[in-house]
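Have a look at this one before I ask anything.
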Amino acid sequence: MIDVIIAGAGPNGLMLACELALAGARPLVLERLTEPSGEQRANGLVGQVVRMLDRRGLYERLTAPGATPEPAPGFVFGAFPIGLNDLPDNPLYTLMVPQHRVERMLVERAAELGVEVRRGHEVTGLSQREGSVTVELRGREPVEAAFLVGADGGHSTVRKLTGIGFPGVTTDASVSRTGHVSVLPEMVGADGGLGVPGFGVIPPFRHLRTERGLITWAPFPGGAQMVSTTEWDQPAEGESSLDELRASASRVLGTDLPLRPPTGPGPHLMRRLFGGNTRIASQYRAGRVFLLGDAAHVHSAIGGPGLNLGLQDAVNLGWKLAAELRGHAPEGLLDTYESERSPAARRVAMHTQAQSLLTRPGGDVTALRELFGELLDQPGTRQHIANLMSGADITYDMGPATGPLVGRWAPDLPGLRASTRIGRPLLLDPTGTLDTGPWASHVDTVTTPELDTALLLRPDCYVAWQGTTNDGLHEALGTWFRPS
């Protein structure tokens with residue numbers, strides 16, 4: 001019998017498949033589409049997931065051999081530019097690669113790990129019994145597995161089949177338009193900014209808010225150029241077009257923006273979206289069925305937190321499912337997936353809703369922005385927002401274990417990067433004397449004389465214990481892993 005069926009071959013489902021395979025489980029990925037859609041979705045990665053990919057050896061596959069992540073010198077929040085270079089601890093990392101490249105990389109990695117991906121397999125039903133889930137497929141024989149994970153997007157069939165609620169709010173007053181374009185070369189400055197006669201410069205990769213709406217200019221590496229706008233109370237009908245996007249951009253800026261058809265190889269995006277949803281599943285688990293990524297939560301894309309949230313879901317769930325399958329999971333381990341990741345989704349929902357409000361037109365919002373801009377002059381405010389946007393402010397409950405790093409994602413430390421690629425629990429021991437006892441076969445130990453404290457890391461790189469002697473180590477190990 002298959003260990004885990006994953007419905008959905010997007011980045012989140014593929015990342016989960018890789019994590020399961022690393023931990024010795026046998027996943028099967030089922031995808032409704034016969035081929036990758038090619039639709040332009042996320043334009044990059046923001047947050048802890050950038051370093052998580054590096055710790056799994058995947059960052060350089062999206063950049064260059066030997067490349068390592070560097071903190072971003074600045075970012076944007078609610079259409080405010082935020083400088084980060086002066087922060088004592090800048091946790092915000094970015095990687096500007098389109099989603100289809102992330103998916104392609106994860107497909108290749110999954111194949112290396114022996115993961116089977118079956119395309120053209122649409123889930124139509126499911127039933128559970130003790131020890132297994134049976135998945136029904138359109139026009140194909142049912143498939144049985146120990147667990148099923150729905151990674152099938154915001155309209156998740158798996159979520160609907162389990163009857164899990166999806167409460168939240170829907171807004172319908174805004175219209176967002178996005179398309180690949182080209183502009184006259186002389187309009188683009190040395191820093192990538194777009195100079196618009198009669199307006200000024202639109203900085204690259206940052207939301208720019210005016211009294212009439214929101215606009216974003218994105219000159220991607222390789223030559224592709226994209227413009228996005230958001231307006232309120234501007235109805236639209238018919239097929240989305242370059243003329244419509246050009247007219248919207250001109251309204252937002254108050255002057256003409258001469259956009260031309262895109263050049264270079266496609267696919268080229270031209271899309272219009274109405275309103276938006278902020279919703280979080282009422283539960284992440286129903287028996288032997290779990291929800292992951294957009295199937296569990298949807299929110300505004302402002303600030304680009306979606307893949308950070310979903311891929312971190314996958315890293316959290318993967319090792320726990322594998323431990324359950326191999327008999328290494330203590331009682332209640334699988335329940336910690338929801339208790340840890342649902343609060344993270346609520347944090348993202350909160351800050352994306354707040355950002356969306358800050359970008360609306362109108363004098364009252366302008367007044368709010370004036371006050372908020374004053375707060376951003378304070379390094380403490382910018383540090384708070386950087387932690388929020390990166391996910392670095394997430395702290396998990398690690399039971400009785402104590403220490404300043406316990407429950408937090410492990411910072412970059414000596415001996416860490418090379419030791420986290422295989423996704424196993426890790427003990428960083430500066431003394432060389434700590435004893436993992438009956439958990440020795442589950443935990444890799446690395447002697448790290450450079451550190452002044454020992455750290456026990458779960459496979460998802462969260463610190464489960466901190467100390468200098470064996471005090472509390474075995475208790476922490478027993479919280480997360482069953483002894484051999």
Side-chain angles (χ1 to χ4, degrees), residues 1-21 25-42 99-166 266-267 269 271 273 277 279 281 283-298 310-311 313-314 317-318 321-322 325:
M1 183 171 65
I2 297 163
D3 286 336
V4 182
I5 291 174
I6 302 169
N12 299 321
L14 291 168
M15 187 70 181
L16 176 63
C18 291
E19 290 293 297
L20 287 165
R26 294 175 301 129
L28 169 64
V29 181
L30 303 178
E31 170 56 50
R32 176 180 59 86
L33 299 177
T34 57
E35 298 290 340
S37 69
E39 181 181 353
Q40 181 78 19
R41 294 187 177 179
Q99 180 170 321
H100 66 83
R101 280 190 56 200
V102 177
E103 289 187 17
R104 186 167 64 244
M105 179 274 291
L106 289 173
V107 165
E108 294 170 356
R109 179 56 174 156
E112 294 170 3
L113 294 169
V115 175
E116 182 181 3
V117 178
R118 297 180 187 174
R119 290 193 168 273
H121 284 61
E122 181 180 359
V123 175
T124 58
L126 64 88
S127 59
Q128 300 190 56
R129 62 180 182 179
E130 186 175 356
S132 69
V133 182
T134 299
V135 178
E136 299 172 16
L137 303 170
R138 187 177 305 280
R140 301 179 185 273
E141 292 296 315
V143 187
E144 187 178 18
F147 294 99
L148 167 66
V149 178
D152 49 347
H155 299 287
S156 171
T157 297
V158 171
R159 186 187 65 240
K160 294 172 184 176
L161 290 170
T162 60
I164 294 175
F166 206 36
L269 175 68
R271 181 177 64 197
L273 298 175
N277 287 287
R279 299 184 177 275
Q283 59 196 74
Y284 280 30
R285 177 186 185 184
R288 306 186 76 81
V289 180
F290 293 80
L291 300 178
L292 176 73
D294 287 356
H297 41 70
V298 295
L311 292 173
D313 287 349
L317 180 59
L321 277 177
L325 288 161

Note, Phe290 side chain near Leu321 side chain (heavy atom, < 4.5 Å): yes
CZ/Arg138: more than 12 non-hydrogen atoms of other groups inside 6.0 Å: no
Main-chain N/O of Gly120 paired to Arg140 side chain as donor or acceptor, under 3.5 Å: yes
Exam field: side chain Arg159 to backbone Ala295, donor-acceptor pair closer than 3.5 Å: yes
Student check: side-chain heavy atoms of His297 and Asp313 closer than 4.5 Å: yes
Shortest non-hydrogen separation from Ile5 to Ala145 and the atoms involved: CG1-CB, 3.5 Å
Interatomic distance, Arg119 atom CZ to Leu30 atom CG [nearest 0.5 angstrom]: 11.5 Å
Which atom of Ala7 lies closest to which atom of Val123, heavy atoms considered: CB-CG2, 4.1 Å
CG on Leu106 to CG on Leu113, rounded to 0.5 Å: 10.5 Å
Residue pair Ser156 / Leu291: nearest heavy atoms and the distance that separates them: OG-CD2, 4.4 Å
Non-hydrogen atoms of Val117 and Ala9 that approach each other most closely: CG1-CB, 4.3 Å
Distance-minimising heavy-atom pair for Arg288 and Gln128: N-OE1, 2.7 Å
Whether Gln99 side chain and Gly10 backbone form a donor-acceptor pair below 3.5 Å: no
Which atom of Thr134 lies closest to which atom of Pro142, heavy atoms considered: CG2-CB, 3.8 Å
Test item: Asp152 side-chain N/O and Val158 main-chain N/O as donor-acceptor pair under 3.5 Å: yes
Side chain proximity check, Ser132 to Met1, heavy atoms < 4.5 angstrom: yes
Side-chain donor/acceptor of Arg109 to backbone N/O of Met15, under 3.5 Å: no
Spatial distance of atom CZ (Arg285) from atom CG (Leu317) [nearest 0.5 Å]: 10.0 Å
Asp294 side-chain N/O to Gly154 backbone N/O, donor-acceptor pair under 3.5 Å: no
